[in-house]
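These notes concern the structure reproduced below.
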Amino acid sequence: MHPSKIKAFICVVSFLVTFTIKDALCLRTIDLNGHWAVSSKNVSVPGTVPGSMFTALMAAGVIGDPYFRRNDEVYAWVGDMDWNYTRSFQATADLMSNPTVVLVCEGLDTVATVTVNNVTVGKTDNMFIRYVFDVKSALKLGDNVITIAFRSATQYVKEMATSMPYAILPTCVPHQYHGACGANLIRKTQCSFSWDWGPAFPTQGIWKDIYIQGYQTAVIRDVTTETTSSDGSWRLKVDVFMEPTAGGPVQGQLEVKLDGTPIVSSKSVTLDHDHSKVSFDISIPKSVSINEWWPNGYGNQTLYELFVFYTDALGTMNTRKLKIGFRTVELVQDYVSVNKSLGRTFYFRINGRPVFLKGSNWIPADSFLERVTRDRIYTYLKSAADVHMNAMRVWGGGIYEFDMFYEIADELGIMIWQDFMFACAMYPANDAFLASVRIEATQQVRRLKHHPSIIALSGNNENEKALVQDWYGTDINYTRYKNDYLKLYVDTIRTVVLAEDNSRPFLSSSPSNGMETEEEGWIARKPYDTHYGDIHEYMYLVPFYDPKYGGKWKMLHYYAAHFFAPTLISPYVDGDVLDVYVIMDELSVKEVRDPLNSTAQSVFRRDVDVMVAESGCGRPRKCFLVFHLGNETSDLMSWLPLDTFSNADGLRKAIIRQTHSIAIELTGMLF
């Protein structure tokens, strides 16, 4: 085993701080990332943390590339086995002298028992919770051994299924997925059991940082921020969540500083278990210039560094730094007309300005999360920003993304619609499950709240629609599953959000009818109604990208031309008439109720036969239309044949012929 690396958090004593502590002490921290031993039965390989048993086995040459062909099925045995992670570390006298020494597990995947020197210090069953275990009594001076014994997720959910008083539907994925059953019975990445777009790799491992922390009085666990604007001035609310020692009240000084401005606020605090939250409500005078954060295409993404300092009576300093942005967000759901049957609007205002969201759905960047790097996420999100996307929905079947994902979204102006991690299923609603979800939701909201890019929170992906449309046979006892749905998303998650974060809208599901869903008791009769809220439209059976497909003209040209460009010429033939639209998505729009304003407008209509006759090209299949905005020689923006691509004269036709076929045999299977 490799000896542990002992590091100390950087101690910062700023000359701008209103108090000065000489020779400030630091928290004592042992970093447990790095080298571990990964073992199961007769298999033992070196592993790296953060990591999973799959990547450890790949690195050791025990298995090949899980993505290759049908290796998700070939390597199913990996997920069906229990795996242990073990390493040694050194505990110094300096660490042991602290009255509180805890093991902080930022992310364990998923069901595990944690022992230190063969003493059980904690158990886990939720991948999305940060666990903090008291290990002081289990430690000894010098050499120590920590073991995290993980349960197979696939075996665990089988036990959970037998313990349920009724079936939590669906009990398994469709057989075409070649996946694992029971993902909805464990708080883990749902798509790791397979999805319609990806294979099953039910991982086990330490997927986030893990460290031992010793402190004398208290430590900062979370910091949240909220910005509001009124009459041209800003208010900044900062909540600091402390974790004090168990020995009784502790005293110290908390200070908040907004870098690059004269804004500093401090207060003396007395902390104990029941009084561990400290709030700052800071009015920023108009004389202090604050630049707003804007989405991509609407302005700059100005970010400010916010520092929080805690110093106790012993001189121990703990700091936290965040990057925040000043922006407001509103979800506008007004009736579009005095005739209420015509529905409601559903759009966002950022800093009082209506914006047009255009973007994509975000799933985990890799089945093996330890392989996701900052450079990789930056490449993906920068590529989206470069083609004028300004929004992403973090889909509820994956993970609450890494901090670096939201930091990059803040930097690039990518607005985030954030799902809670529930997707395409019913879920348990027993006390133990709901208690775990309550902690999960609280921790995740606190972790994410300060990011200006996050503009909405949604309770789940498609579960309201699944319930109403009876995707999984819930009509057999609709009332039971409806009550479970309300307990989870309304009574539990929504209650947490309302208590923790009023700075952005919460939707109970996506899709939903928004305000209309709420008025119908949180489950709408038709939660996919295009008159309300958001919709999901998957064109599985319709040739959506076929040039002959006449619908969805605007979306078709987004993909066929300059992919999400803010300004487009978009022509199409409507019957016998050419209709040319100009799309300018990033212009300021005027909000009116009836009729609705639009960022696209028809600017030219003419009979096609008349145009063909005037041009002298003879027949429509011999004619092409070319469109410009600006300079005709350099600013070509769109073109359109007056017949289908297959019939148009002048286009080179692809010639495809089959020459021969071969059969490949791999691991005993014929492909």
Side-chain angles (χ1 to χ4, degrees), residues 12-20 220 222-242 252-269 277-296 298-311 317-331 348-355 403 406-407 409-416 445-457 497-505 588:
V12 179
V13 180
S14 172
F15 291 108
L16 296 176
V17 180
T18 56
F19 59 92
T20 301
I220 300 172
D222 293 292
V223 176
T224 68
T225 66
E226 183 174 329
T227 59
T228 56
S229 178
S230 178
D231 297 326
S233 62
W234 287 92
R235 294 184 71 88
L236 171 63
K237 183 182 180 184
V238 181
D239 288 329
V240 184
F241 297 88
M242 306 292 296
Q253 187 89 356
L254 265 173
E255 182 168 78
V256 172
K257 179 185 184 308
L258 187 64
D259 198 35
T261 76
I263 303 302
V264 179
S265 181
S266 65
K267 60 178 63 177
S268 298
V269 296
K277 175 185 174 182
V278 182
S279 297
F280 293 81
D281 196 354
I282 304 169
S283 295
I284 301 177
K286 291 183 179 180
S287 59
V288 176
S289 177
I290 295 294
N291 295 315
E292 297 166 321
W293 180 94
W294 288 97
N296 183 33
Y298 288 84
N300 295 327
Q301 290 77 53
T302 304
L303 298 172
Y304 293 84
E305 289 187 336
L306 180 81
F307 293 92
V308 178
F309 304 92
Y310 170 70
T311 304
M317 178 176 283
N318 184 205
T319 68
R320 184 64 63 89
K321 181 180 78 170
L322 304 176
K323 282 190 175 182
I324 69 170
F326 286 81
R327 67 99 181 90
T328 61
V329 57
E330 305 165 76
L331 176 57
F348 288 87
R349 288 194 197 112
I350 305 298
N351 300 326
R353 178 177 173 183
V355 298
D403 292 339
Y406 302 101
E407 291 164 359
D410 290 344
E411 295 168 8
L412 298 176
I414 304 295
M415 294 175 286
I416 301 298
V445 170
R446 290 179 182 177
R447 180 174 73 94
L448 301 178
K449 183 179 176 181
H450 70 277
H451 290 286
S453 58
I454 301 176
I455 63 167
L457 301 173
V497 172
L498 292 179
E500 297 287 341
D501 187 1
N502 290 306
S503 67
R504 48 181 61 86
S588 296

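We count residues from 1, following the sequence as given. These values consider heavy atoms only, across backbone and side chains, with no hydrogens, waters or symmetry-generated copies.
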Check your understanding: Do Ile263 and Pro285 come within less than 4.5 Å of each other through their side chains, counting heavy atoms only?
Key -> yes
key: Residue pair Glu226, Arg235: steps toward the side chain to side chain contact (heavy atoms under 4.5 Å, CB included) verdict   = CA-CA 8 Å; Glu226 183 174 329; Arg235 294 184 71 88; over 6 Å; no
Residues Lys449 and Glu500 bridged, charged N to O under 4.0 Å = no
Review point. Do the numbers put Arg446 on top of the ring of Phe241, so that NZ or CZ is under 6.0 Å from the six-membered ring centre and no more than 45° off the axis?
Key: yes
For Ser503 and Arg327, the nearest pair of non-hydrogen atoms, with its separation, is O-NH1, 4.3 Å
- Item | Presence of salt bridge, Arg349 and Glu330, under 4.0 angstrom | yes
(Q) Strictly below 4.0 Å, N to O, side chains only: are Arg447 and Asp403 in salt-bridge contact? (A) yes
**Asked** With a cut-off of under 6.0 Å to the ring centre and 45° to the axis, is Lys267 in cation-pi contact with Phe280?
**Response** yes
The side chain to side chain donor-acceptor pair (under 3.5 Å) partners of Ser279 (sequence neighbours excluded) come to Asp239
ask   = Would a distance-only check, ignoring hydrogens and angles, find a side-chain to backbone donor-acceptor pair under 3.5 Å from Gln301 to Gly299?
value = yes
Minimal heavy-atom distance between Gly232 and Lys286, with the atoms involved, is O-CG, 4.1 Å
TODO: Go through the steps for Ile324 and Leu258 under the test side chain to side chain contact (heavy atoms under 4.5 Å, CB included), then give the verdict.
DONE: CA-CA 9 Å; Ile324 69 170; Leu258 187 64; 4.0 Å; yes
Using the rule given for side chain to side chain contact (heavy atoms under 4.5 Å, CB included), can you reason through Ile220 versus Met242, listing the C-alpha separation, both sets of side-chain angles and the distance that settles it, and then say yes or no?
CA-CA 5 Å; Ile220 300 172; Met242 306 292 296; 3.6 Å; yes
I'd like to check Met415 versus Phe348 (side-chain heavy atoms, cut-off strictly below 4.5 Å). Are they in contact?
no
Self-check item: Polar contact flag, side-chain donor to acceptor under 3.5 angstrom, Ser233-Asp231
Solution: no
With a 4.5 Å limit on heavy-atom distance, are the side chains of Pro452 and Leu303 in contact? yes
Tested for side-chain contact (heavy atoms from CB on, under 4.5 Å) against Ile455, the lone hit among Ile416, Val329, Val355 is Val329
Side chains of Val308 and Leu254, heavy atoms from C-beta outward: is any pair under 4.5 Å?
yes
Output for pair (Tyr310 OH, Thr319 OG1), nearest 0.5 Å, gives 13.5 Å
Is there side-chain contact between Tyr304 and Thr225, with heavy atoms separated by less than 4.5 Å? no
Interatomic distance, CD@Glu411 vs OH@Tyr406, rounded to 0.5 Å, equals 15.0 Å
Note to self: What I'd like to find out is whether the side chain of Glu305 reaches to under 4.5 Å of the side chain of Lys257, using heavy atoms alone.
What the structure shows: no
OG1 (Thr227) and CD1 (Ile282) are apart, to the nearest 0.5 Å, by 12.0 Å
**Report entry** Side chain to side chain, His450 and Val223, heavy atoms closer than 4.5 Å
**Finding:** no
Are any non-hydrogen side-chain atoms of Ile350 and Tyr298 less than 4.5 angstrom apart?
no
Hey, is the main chain of Thr328 close enough, under 3.5 Å, to the side chain of Asn351 for a donor-acceptor pair? yes
Value for OG (Ser268) from CD (Glu255), rounded to nearest 0.5 Å, stands at 11.0 Å
Checklist line | Trp293 side chain to Asp410 backbone, donor-acceptor under 3.5 Å | finding: yes
